[in-house]
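Here the structure is laid out as structure tokens; the discussion comes afterwards.
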Number of protein chains: 2
Amino acid sequence: MAEGPTINTIARHAGVSIASVSRVLNGLPTREETVRRVLRAAEELGYVPNSVARSLKSRRTNQVAFAMADIGNPVYLAMVREIQPVLRAAGYRLLLHSTDADVADELDVLRGLGERYVDGLIMSPLRVTEGHLSALAAARAPVVVIGSMPEGAGVDNVRADSRTGVRLALDHLYGLGRRRIAFVNGPADTVPGAARAAAYREALEALDLPYDEDLVEVGDFYRAEGARAVQALLDRAGDVDALMCANDLIALGALDVLRRAGRRVPEDVAVVGMDDTDLAAVAWPSLTSVSLGSARRGRAAVELLLDRLENGEREPRVVTVEPRLAVRASTVGVREAEEYAEEYGEAGEAAEGGEAAGDARKGAQQAGRTAGEEGIR
Amino acid sequence: MAEGPTINTIARHAGVSIASVSRVLNGLPTREETVRRVLRAAEELGYVPNSVARSLKSRRTNQVAFAMADIGNPVYLAMVREIQPVLRAAGYRLLLHSTDADVADELDVLRGLGERYVDGLIMSPLRVTEGHLSALAAARAPVVVIGSMPEGAGVDNVRADSRTGVRLALDHLYGLGRRRIAFVNGPADTVPGAARAAAYREALEALDLPYDEDLVEVGDFYRAEGARAVQALLDRAGDVDALMCANDLIALGALDVLRRAGRRVPEDVAVVGMDDTDLAAVAWPSLTSVSLGSARRGRAAVELLLDRLENGEREPRVVTVEPRLAVRASTVGVREAEEYAEEYGEAGEAAEGGEAAGDARKGAQQAGRTAGEEGIR
DNA sequence: ATCCCATCCGTAAACGTTTACAGCGGCGTG
DNA sequence: CACGCCGCTGTAAACGTTTACGGATGGGAT
């Protein structure tokens, strides 16, 4: 690990000035002979340009950060999987910040932009505080926010559409003849919690179904909490015939409880999850789930950011990603779910972002996604 | 996004030299009055030190890269989840490279170390070529490799122990009275494929069971391929009473096929997966799986790297992580699986790495892991 | 032969830090 | 009173690049 050669070393070896070395290495017009000498010296010495020095001079790092609560969350993971290859193709490296859902950490990341270790940031904050808004306004590098921001926040923004998403699910359940459709939510003081609660109300109204408090239970966005909440619901309202769950994990908890209670899914109770994570296809029965387009949101975000990195003065844009319903066995039964799968392919959220990406990438992504331990081929 | 203040700006404002500014900001002994003036100016101007310039001078970037085939692979994901918080606590940022299982890309990453944009690298290569060995020998920054390296590769190395892992599984199945234990593998020309095939043979021998070619099928490490392979097995050897699968995805495919064939799991056929990914606990019946310690390997790797970053001249170390068997319903049935779960907690691979980590982190990690869309709390 | 211009290259400054070194004033000591 | 020392600060160099500028060289036109 000896000190590597610099353009100075090369200049000495080639008997030219560092300016010539730099010119040659950057492909600026130079006399044939000089080019040869420099390239030869660089080759012999195994020269690799120092990206830090380059960054200092050029004021660009070719790095972009993605900040989210936790990379372990399948939703963010889907985003990263979209973001990474796009950045790579554009010549940027990806930096990851797991903020552990901590507001202070998020603000640190925003302030950290002043350190100029990245050219831009994609951030998916848990909740949007005043601090976020002012930190965003003062940010020293372009930021794209995934997750609805207030109007006029003056920042590129990618949004999901929980409202339409819930609506899709309830229409689907209604179409299957369900009328006692319960809603199992996460905490109401979270952005998605609030949005989904409102969406549920609206969707019921649109279907002319009554809003029944007994059919709403609030827990948290985890499997165990979901199970607990569903148990409470069943105890209170034994006649539910469908469960709308605010995310897939809650839905998995619901499946556990229903199984234990001897209720058949979907014959007795249909279950719909949300986010359409990888888990949905693995569950049994496989889980009908509302995709809020994690992958597409990731892709939209990275494209907004790259665009802004080229054109810093553009007006901020807001992109809203359309939800889709992934119909599986937990609502229509195993038999029919298979027909759906054949018809649409088991496209799912994971694959959908790949549409616009290169073929090679898509293939590799799917391979990687399913490959086992220690990496496989 | 105006040009930010530098120490020069501060120096002018405070009426001191840039050297004094630097000293104050780095906490070096300075006269009280000067300290006040500098801090005041820095505060007023909203100064943030430029990390690029700092890196150029200090020759440290405080960045570490992790290179693996695909972040979407749950095994690597588990590693990232361990690595990230440890790095963060040590003051390093994490950079992610998805190499798409491409050898050339991996070599590029190794060569890229010469650009000095990171202080160190954790790499989990798909297969180890001559090119890897020479690139590693020439690497311009410390590297830790996850995945078995040849003896004397002269690099810090973290290994799984497929042999013991398969052995654990087969002992378990044998103990349950199974004697026709088939093996569904991925491609034999991959490192894990080869290792696991050998391990299966050995384990059979140790149990005094005959090696029966009809009981071995090679497919690939994906769900659909696993399903196909298992179908072939069933067609050929209808009397199998257990399936050892070379990863969890193959095992999920096996569950699909068995269900369709009307074979009960585990009553008729017991199934064991490998890697103990998050999917194992979601499957139905929940999947007994051999944990090769993805999280623990990630943790070991990052600790080796941090250690080496402090002490570059240490002898290379090899760490081998012990496998564990996560017993679930696919071998012992639903009832008994629940008892196991209560006894050990649903610890699983995901949580295991957290042992040594701070409480706050662990809590946040679990929360994040299960939180839903748009980040929650 | 003179002048001009084009071509190529080297010198030096700049990016924003850290830090070795030297200078300066004040104080205690001989 | 001279000296030395100490505490503090400023100047300048260095990290490894890129690039503005100007100098040198040579060729062609006048």
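A, B, ... follow the sequence lines: proteins, then strands. Residue 1 opens every chain.
Under a 3.5 Å cut-off, the side chain of B:Gln63 and the backbone N or O of B:Tyr117 do form a donor-acceptor pair.
Toward the 5′ end of DNA chain C lies the nearest nucleotide of B:Tyr47, the other residue of the pair B:Arg23 and B:Tyr47 mapping further downstream. Mapping B:Ile18 and A:Arg54 onto DNA chain D via the closest heavy atom, the residue that lands nearer the 5' end is B:Ile18. Where A:Leu56 and B:Lys57 each meet DNA chain C at their nearest nucleotide, the meeting point lying more 5' is that of A:Leu56.
Counting non-hydrogen atoms under 4.0 angstrom, B:Ser22 reaches a base of the nucleic acid. Backbone-only contact: B:Thr30 has heavy atoms under 4.0 Å from sugar-phosphate atoms and none from a base. A:Ser58 comes within 4.0 angstrom of no nucleic acid atom, judged by non-hydrogen atoms across all strands. Using a 4.0 Å heavy-atom criterion, one finds that A:Pro29 contacts no nucleic acid atom at all. Within 4.0 Å of B:Val52, counting heavy atoms only, lies no atom of the nucleic acid at all.
With values rounded to the nearest 0.5 angstrom, A:Leu136 atom CG is found 7.5 Å from A:Met123 atom CE. For the atom pair CD1 of B:Ile122 and CG of B:Leu306, the computed distance is 7.5 Å after rounding to the nearest 0.5 Å. The distance from atom CZ of B:Arg296 to atom CD of B:Glu303, rounded to the nearest 0.5 Å, is 13.0 Å.
Nucleotides of DNA chain D with any atom under 4.0 Å from a heavy atom of chain B span, from 5' to 3', D:dC8 to D:dG16.
Environment of CZ in B:Arg314: crowded, with over 12 heavy atoms of neighbouring residues, nucleotides or ligands closer than 6.0 Å.
With salt bridges taken as basic N to acidic carboxylate O contacts below 4.0 Å, one links B:Asp105 and A:Arg88.
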